[in-house]
Visitor: 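Pasting a structure here, questions to come.
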Amino acid sequence: MRGLGSRRFGGVSHADLQEEEPSQSSSTSESTHDQDAEEENRCFGTFQGTIVGLRYYTGTVNRGEMVALVRQPQNPYDRNAVMVANVYGSQVGHIKKELAAALAFIMDRNLARVEGVVPYGKTNSFTMTVTLTFWGREENQEAVHSQMKNHGYKLNAVKGSSSAASWDRYGGAGSSSEICPVILTQEELKNAFDKLFDDLLEDRTREMEAAEAVRTPLLLHQKQALYWMTSRENSSDLPPFWEQRSGLYFNVLTNFGARESPESVLGGILADDMGLGKTLTTIALILSNFHNGKPLPVKYEGGASESRPSTSSTAHPAQKGASRRKEDSPKPLQTLKRSNKEYVQTAALEEEDDDVVIVSETHADQRPTASQPKRASRRKEDSQKPLQSSTLKRSHKESDRTAASEDDDDVVVVSETRADQKPTASQPKRQTVKLHDVDFGSSLDSSRSASAKSRMKKGSGQTVKLHDVDFGSALDSSGSSLDSSKSASTKSQVKKGSGTSKKSPRPTLIICPLSVLTNWMDQFEQHLREDVQLNLYLFYGPDRCRQASFLSEQDVVLTTYNVLTSEYGKNSVLQKVLWLRVVLDEGHIIRNPDALQSKAVLSLNAERRWILSGTPIQNSVKDVWMLMCFLRLKPFAVREWWMRVIQRPVMMGNKEGLKNLQALLKVLTMRRTKLSKANGRPILQLPEKKVFLQKVVLSKEERERYELEKAEGRRIISRYMADGTVLRNYADVLAILVRLRLLCCHCDLVGKLTETAGTADSSSPAELRERLISKIRLVLSSGVDEECAVCLDSLRQPVITHCAHVFCKPCICEVIQSKQLAAKCPLCRANIKSTELLEYPGDEEDSRPTDRKDQWRSSSKVEALMTVLLKLRSEDPTIKSLVVSQFTKFLNILEVPLRESKFSFTRLDGTMNQKARARAVSELQDPSPGSPTVMLLSLKAGGVGLNLTYGAGA
DNA sequence: ACCGCCGGGTGCC
DNA sequence: ACCGCCGGGTGCC
């Protein structure tokens, strides 16, 4: 569906992604994003057309500026209408109707992509010339020419370098002056990127110390990253490709000019290799750069500190980064003075374990009398939920006046102590809630809810606004357009919304894959000074608090992509809160714009946005678009402009295009590899990696079984090959390969061959169902990390289609819904219906090998492993080992001999909840004698981001 | 639009 | 005059 975007660019926008508004064009298309760029690259010619009706619209264009042509089939005056919009999405006018009649035919049938450039700018207030260029597949050229001819128009041929060069002058989005485009290979692209980042390191050498709340000293390259990130967040620089020219803000790629400055991109991409400390750097950023380059005002246990770094703001490196900010005037110290403080305490929560003390404080100039103790937060703490904290015990009333933001507001601090603390608790729990509220004078509670309400109201008002604006303006739906007065009012409303409480947003939202959730919590614990009281809320689990007011008061809210996605569309509280910053860990996982999680992420409101990713460009340039969308870099949040200005030129080998892409990434990205150097020295000194490859010879019996299955598998696959049905039977093919790999581990891991490799066609519905269920079970229960082809992430609520392909249920349902009866399987193009989806019934808990010890038997691989483990233990009884397998059932088998040999071990696999995972990791890391020395680790659950350091290195 | 088009007013030079 | 011409009203799709 979105493949059509380039032809009806208005349909693809934030509005489309966020609000899920039905697009104006109701047509659907099979084409994918890729095809746009790779196949429609022939220029059919150009034509001088006319834009009319300028005086009815506010959108303006400059000389040489690109415009978008958008079909308006629903236009009541002319169903052939073609609307013209500028880069910000403001309508400029319409294509004259006679020409529109010709274009509509071409555009509706995708015979050509029509791009417009305004060569002269506004010469009168009624009409305007536009140079149209037609691009498309070769086989459609004739049809386009004849259609134009039928309407009395003749395309000007584009031949030779002269016209190409003139096209380039209009914005350089077309072909380069070379007639033959050079297609860069993936490899060349990657090299170009790597070279780019190498060059970058030379001018990214400035450092910044972390705030004192950060305990772990930063390595040099981390200080450099911190400086860079801080300066990006405090930047008032124009976004890439924007320049200020004679009082106007000007986009050099599209030639779009605007009177007001486009918003700076506050954030970017931290693309360091794994292991360089992206997490620590991010934690340091959160603590070190709150507003105006000041540290996050955290409290310190014992009340000894008042967030000291802010008192030395002039000396703090953060200030250098912040100095470009307009309103950069560090608040004088006296605003920090504590006067007329008033502490109120209330034990509020009834939960046996969770006494709450509200400590509030008033300002000198406030009515000091009326502060009423109220229950601040009704968070019902599930004792299972590991609530992160870096402190264990705290006194009842300690409250620090902290410099919170430019507004010097009052800060109400609501904190809580626990009555019965277990000093030894491995999971210290704590609830510290800081309320920011201006007028808490009368009743804390009522003012709070009033303020929260007004904030919420403002928020939804903004949404309504976006729905209401006309189509042209809706193209710019980031809610921050600078162009039209309508958008300007939206913008001011946003400002107001967050300013109702005269507070800038406080919390940072971190979104990460489930597998690294504990890692984040551990790292907060590990890297913060012990006495720092950070309000970190884990937004996870069934009892998570969904109160916007509560979340707004946190310093950090940590959640997963799955939680975010599952709340998306249900009026999620995460979308209501205005975040100070949103951090996407493993941010490349939003690279599929059709995936729900991508849409959910784009819908978040934040001042600053960061993408953490070891591999920001996984496959190609295409991956970058979603990142730019997330960062809200104008004008690329609208796919049309990204395609036209960056992606298509790059894919066609246009040097200018690649240069532009590089310039873009250069500004927004920091990337170091393990081999990178900081100030001439390697940034990382890891012990040398040693790989020992031990080949295990199968026993005779195992080998026979293996060969048998191999022959059978070969037979089945070659039959599919002969029939040309390999794709259709991919599940079977996968099954065969998985079976062979399982056999290499242990024969008991696979059942009889006939069970899974069922015959393909003709069976009763019941048989079909049976077969599909067994397939999905095989795909899922093997422990292989199977991806959903729609969202490219691990399967969530897996379902299997009648064509035997497995997807996340929400993903495939969305596909079906968008295509209705025409829905086809994304993998094999077979027709699919939502009624035919079969859900995964769950693992049949058949005889786990461990359950039947009597029947347990070993295998060659098990023996080999045990030999190694025993040898290691005899050399060093405390040595710790990780045993990794893709197959959780194999881990089951391994438990038996491990127990037999009296190994103490832990286990981490995908079935374990967060708490269990955390316990498994911490147990393994326990250095005391008798602690586990082996961890059984499933590759899927532990493959990404698990921080399993042990010993000195930590 | 410093146009084109429409339709009413008008009618030798 | 069932014309031509004049000049005011008007104007995207």
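Proteins come first, then strands; the chains are lettered A, B, ... in the order of their sequence lines, and each starts at number 1.
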Visitor: Specify the separation, in whole Å, of atom CG of A/L69 and atom C1' of C/dC13.
Guide: 14 Å
Visitor: Whom does B/dC3 pair with, Watson-Crick or G-U wobble, provided both distances fall under 3.5 Å?
Guide: C/dG11
Visitor: Can you say whether a donor on the side chain of A/Y77 sits under 3.5 Å from an acceptor on the base of C/dC12, or the other way round?
Guide: no
Visitor: Would you say a side-chain N or O of A/K97 is under 4.0 Å from OP1 or OP2 of C/dC13?
Guide: yes
Visitor: If we take the C1' atom in both B/dC5 and B/dA1, what is their distance in whole Å?
Guide: 11 Å
Visitor: May I have the distance from A/R55 (atom CZ) to C/dC13 (atom P), rounded to whole angstrom?
Guide: 12 Å
Visitor: Distance check needed: C/dG11 P versus A/I51 CD1, whole Å only.
Guide: 21 Å
Visitor: To the nearest Å, how far apart are A/H94 NE2 and C/dC13 P?
Guide: 9 Å
Visitor: Decide whether a cation-pi geometry holds between A/R639 and A/W625; the criteria are a distance under 6.0 Å from NZ or CZ to the six-membered ring centre and an angle within 45° of the ring axis.
Guide: yes
Visitor: Taking atom P of C/dC13 as reference, at what distance in whole Å does atom CZ of A/R79 sit?
Guide: 15 Å
Visitor: Distance check needed: C/dC13 P versus A/Y56 OH, whole Å only.
Guide: 9 Å
Visitor: Can you check the A/Y57 OH to C/dC13 P distance for me, whole Å?
Guide: 10 Å
Visitor: Looking only at N and O atoms, is any donor in the side chain of A/N75 or the base of C/dC13 less than 3.5 Å from an acceptor on the other one?
Guide: yes
Visitor: Check the pair A/F47 / A/Y153 against ring-ring contact (aromatic ring centres under 6.0 Å, His included), numbers first and verdict last.
Guide: CA-CA 8 Å; A/F47 186 79; A/Y153 302 113; 5.0 Å; yes
Visitor: Are the ring of A/F126 and the base ring of B/dA1 both nearer than 5.5 Å at their centres and tilted by less than 30°?
Guide: yes
Visitor: Decide whether A/E65 and A/N62 meet the rule of one side-chain donor and one side-chain acceptor closer than 3.5 Å.
Guide: yes
Visitor: What integer distance in Å separates A/K96:NZ from B/dA1:P?
Guide: 16 Å
Visitor: Which value, in whole Å, describes the distance between the C1' atoms of nucleotides B/dG11 and C/dG4?
Guide: 9 Å
Visitor: Please determine, by modelled atom types, if A/K97 and A/N80 share a side-chain donor-acceptor pair under 3.5 angstrom.
Guide: no
Visitor: Any donor-acceptor pair under 3.5 Å linking the side chain of A/S235 with the backbone of A/D237?
Guide: yes
